[in-house]
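So the structure is just underneath, and the comments pick up after that.
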Amino acid sequence: MNKKIFYQGIKDVLPMLIPVVPFGLIYGVLGLELGFDPFVIIASSFIIFGGASQLAFIQLYSIGASPFIALSSIAAVNSRHLLYGAVFSQYFSFLPLRWKLLLSYLLTDQAFAVSLPFVQKNKDFKYHLLGSGVTLWLIWQVSTISGVFLGNFIPQELGLAFAIPITFLSLLVKELKKIDHLIVMIVSGVSSILLYHFPFKIYIIASALIALVVAYFLIKNFKRLTV
Amino acid sequence: MIWILIIIAGIITFMMRYSLIALIKPENLNDTTKKVLGYVPSAVFPAMIFPAVFFNKAQTLQFNTFEVYAFICALIIGYISKNTILTIISGLASYWIMIFFL
């Protein structure tokens with residue numbers, strides 16, 4: 001075990017945790033309010049481990065949506081992970097199966113984005129992903145459990161939900177000055193606004209795919225932009 | 001029932017994460033595909049950022065909100081500094097100054 005790289009992964013993911021804690025608390029509190037057993041709520045964070053999808057799932061279930069609808073929502077909201085998996089497949093091929101399974105379970109938006117630069121540049125990257133993944137996993141579980149048993153002790157007035165888009169923005173700032181990346185970002189963002197009211201938060205994966213088609217177009221037609 | 005659903009939801013989520021890692025062999029990816037995959041963060045994250053910034057709690061599009069101004073502030077600082085921590089601090093600090101003092 002390479003502790004130095006493991007700690008680097010932990011350190012890199014720390015700023016991302018700011019919105020994870022209040023989100024986990026809200027998930028725990030809302031789960032109780034919707035009438036779920038505390039043990040079910042806690043287990044859902046262990047088994048699914050995907051905040052936005054879990055929230056959509058318990059809301060749909062509690063209003064009596066069919067199992068098919070609830071599971072479709074899980075699939076639609078989490079389908080963006082297919083793209084993360086496609087990116088990582090380029091680097092993971094030599095990893096033993098147990099590592100592929102473990103790092104897949106721990107794969108989140110935040111762990112993907114903070115570890116990707118390290119994965120691209122270093123051979124022994126698995127401990128970086130383990131560090132970022134385990135840290136986010138642990139904080140998500142602890143905040144879900146705290147939400148269930150202690151309630152939402154972080155003042156709502158702080159508006160920490162807003163920390164989600166801000167931490168995500170912070171993951172993109174290194175690419176902002178690259179015109180090709182900027183075009184892809186704007187296409188994705190504008191698409192998400194236009195597609196926002198479609199069901200199942202389909203706008204996330206749909207906007208991402210539209211933006212990737214634009215990226216493909218840029219690569220094919222504007223080679224100088226995309227070196 | 002809820003237990004079965006949660007377990008299926010967990011399997012679906014895990015397969016979203018694992019399936020392409022398991023299925024894609026890097027030698028089968030051509031250069032163009034690899035280049036396109038290089039844009040995944042830039043293609044996915046704005047789709048989660050924009051709605052969170054520009055839609056208010058009533059799900060309507062708004063441009064004249066503290067969230068939008070704080071986002072622009074973080075965007076400018078992020079653009080200039082290229083620094084993750086500075087971007088987060090500038091976004092949250094400007095947001096808190098607005099909601100607590102304006």
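Order of the sequence lines sets the chain letters (A, B, ...), proteins ahead of strands, with each chain counted from 1.
- If you run side-chain contact (heavy atoms from CB on, under 4.5 Å) between B/Pro46 and each of A/Ser188, A/Ser192, A/Ser207, A/Ser191, only A/Ser188 comes through.
- The side-chain contact (heavy atoms from CB on, under 4.5 Å) test with A/Val87 is passed by exactly one of B/Val36, B/Val40, B/Val44, B/Ile24: B/Val40.
- Proximity to chain A involves both the backbone and the side chain of B/Ile88, based on heavy atoms less than 4.5 angstrom apart.
- Each of B/Pro51, B/Ala74, B/Ser90, B/Gly91 has some count of heavy-atom pairs under 4.5 Å with chain A, and the biggest count is that of B/Pro51.
- Neither the backbone nor the side chain of A/Ile210 comes within less than 4.5 Å of any heavy atom of chain B.
- Other residues, nucleotides and ligands contribute more than 12 heavy atoms inside 6.0 Å of the CZ atom of A/Phe94.
- Side chain of B/Thr87 to main chain of A/Ser170: no donor-acceptor pair is present (N/O by atom type, distance under 3.5 Å, no hydrogens or angles).
- For a residue to count as touching a neighbouring chain, one of its non-hydrogen atoms must lie under 4.5 Å from one of that chain's; by this rule A/Lys220 touches chain B with the side chain only.
- At a 4.5 Å heavy-atom cutoff, the contact between B/Ser19 and chain A is made by side-chain atoms alone.
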As a quick check of understanding, evaluate side chain to side chain contact (heavy atoms under 4.5 Å, CB included) for B/Ile49 and A/Leu172, giving each step before the final call. CA-CA 11 Å; B/Ile49 297 169; A/Leu172 298 178; 3.9 Å; yes
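- Of the residues considered (A/Ala86, A/Ala163, A/Ala211, A/Ala70), A/Ala86 shows the highest number of contacts with chain B, using heavy-atom pairs under 4.5 Å.
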Quick one, B/Tyr95 with A/Leu158, criterion side chain to side chain contact (heavy atoms under 4.5 Å, CB included). Give me CA distance, side-chain angles, the key distance, then yes/no. CA-CA 9 Å; B/Tyr95 184 60; A/Leu158 285 176; over 6 Å; no
Carefully, step by step, assess B/Met48 and A/Asp109 under the rule side chain to side chain contact (heavy atoms under 4.5 Å, CB included). CA-CA 10 Å; B/Met48 295 185 281; A/Asp109 299 307; 3.6 Å; yes
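- Neither the backbone nor the side chain of B/Ile4 comes within contact range of chain A, judged by heavy atoms closer than 4.5 Å.
- For the set B/Thr33, B/Thr84, B/Ile8, the entry with the most heavy-atom pairs within less than 4.5 Å of chain A is B/Thr84.
- Of the atoms belonging to A/Leu103, not a single heavy atom falls under 4.5 Å from chain B.
- Looking at B/Ile7, both its backbone and its side chain come within 4.5 Å of chain A, counting heavy atoms on both sides.
- Taking A/His181, A/Lys174, A/Arg80 one by one and counting their heavy-atom pairs under 4.5 Å with chain B, the maximum is reached by A/His181.
- Within the 4.5 angstrom heavy-atom criterion, only side-chain atoms of A/Glu175, from C-beta onward, approach chain B.
- Only the side chain of B/Leu61 comes within less than 4.5 Å of a heavy atom of chain A; its backbone N, CA, C and O stay farther away.
- Using bins of under 30°, 30° to 60° and over 60° for the plane-to-plane angle, the ring pair B/Phe45/A/Tyr84 lands in the parallel bin.
- Within the 4.5 Å cutoff, the side chain of A/Val214 has no heavy atoms near those of the B/Tyr39 side chain.
- For B/Glu27, no part sits under 4.5 Å from any heavy atom of chain A, backbone or side chain.
- Looking only at heavy-atom pairs under 4.5 Å with chain A, the residue among B/Leu29, B/Ile2, B/Leu23, B/Ile12 that has the most is B/Ile2.
- Counting heavy atoms from C-beta on, the side chains of B/Glu67 and A/Pro165 never come closer than 4.5 Å.
- When the candidates A/Tyr196, A/Tyr216, A/Phe92 are compared by the number of heavy-atom contacts under 4.5 Å with chain B, A/Tyr196 comes out ahead.
- Interface summary for chain B: among A/Phe36, A/Tyr105, A/Phe168, A/Phe162, the most heavy-atom pairs under 4.5 angstrom belong to A/Phe162.
- Only the side chain of A/Ile219 comes within contact range of chain B, with heavy atoms under 4.5 Å apart.
- Contacts between A/Ile18 and chain B at a heavy-atom distance below 4.5 Å involve the side chain alone, from C-beta outward.
- Comparing B/Ile77, B/Asn83, B/Leu86, B/Thr32 by how many heavy-atom pairs each has under 4.5 Å with chain A, the most go to B/Thr32.
- A distance of 7.0 Å separates CG in B/Leu92 from CG in A/Leu160, rounded to the nearest 0.5 Å.
- Most heavy-atom pairs under 4.5 Å with chain A, from the set B/Phe55, B/Phe54, B/Phe71, B/Trp96: that is B/Phe55.
- For B/Leu5, the parts sitting under 4.5 Å from any heavy atom of chain A are the backbone and the side chain alike.
- Proximity of a side-chain donor or acceptor of B/Arg17 to a complementary backbone N or O of A/Leu107 within less than 3.5 Å is detected.
- Note that CD1 of A/Ile205 and CE of B/Met16 are 8.5 Å apart. Values are rounded to the nearest 0.5 Å.
- For chain A, the nearby parts of B/Ile6 are the backbone and the side chain; heavy atoms of each come within less than 4.5 Å.
- Among the candidates B/Ser42, B/Pro26, B/Gly78, the residue making the largest number of heavy-atom pairs closer than 4.5 Å to chain A is B/Ser42.
- With ring centers used as reference points, B/Phe14 lies 6.0 Å or more from A/His81.
- In this structure, chain A has heavy atoms under 4.5 Å from both the backbone and the side chain of B/Lys34.
- With B/Tyr18 as the aromatic partner, A/Lys100 does not meet the cation-pi criteria of under 6.0 angstrom to the ring centre and within 45 degrees of the ring axis.
- Contact tally against chain B (heavy-atom pairs below 4.5 Å) for A/Ala113, A/Ser79, A/Gly50: the top residue is A/Ser79.
- The heavy-atom pair separating B/Ala9 from A/Ile48 by the smallest distance is CB-CD1, 3.7 Å.
- Heavy-atom distances place the side chain of B/Ile85, and not its backbone, under 4.5 Å from chain A.
- With respect to chain B, the highest number of heavy-atom pairs below 4.5 Å among A/Tyr61, A/Phe88, A/Tyr91 belongs to A/Tyr61.
- Atom OG of A/Ser104 and atom CD1 of B/Ile21 lie 3.5 Å apart (nearest 0.5 Å).
- Distance OH/B/Tyr79 to NZ/A/Lys177: 5.5 Å, rounded to 0.5 Å.
- A centroid separation of less than 6.0 Å is found between the aromatic rings of B/Trp3 and A/Phe39.
- Enclosure of atom CG in B/Asn30 by more than 12 non-hydrogen atoms of other residues, nucleotides or ligands within 6.0 angstrom is indicated.
- Surrounding NZ of A/Lys201 are at most 12 heavy atoms belonging to other residues, nucleotides or ligands under 6.0 Å away.
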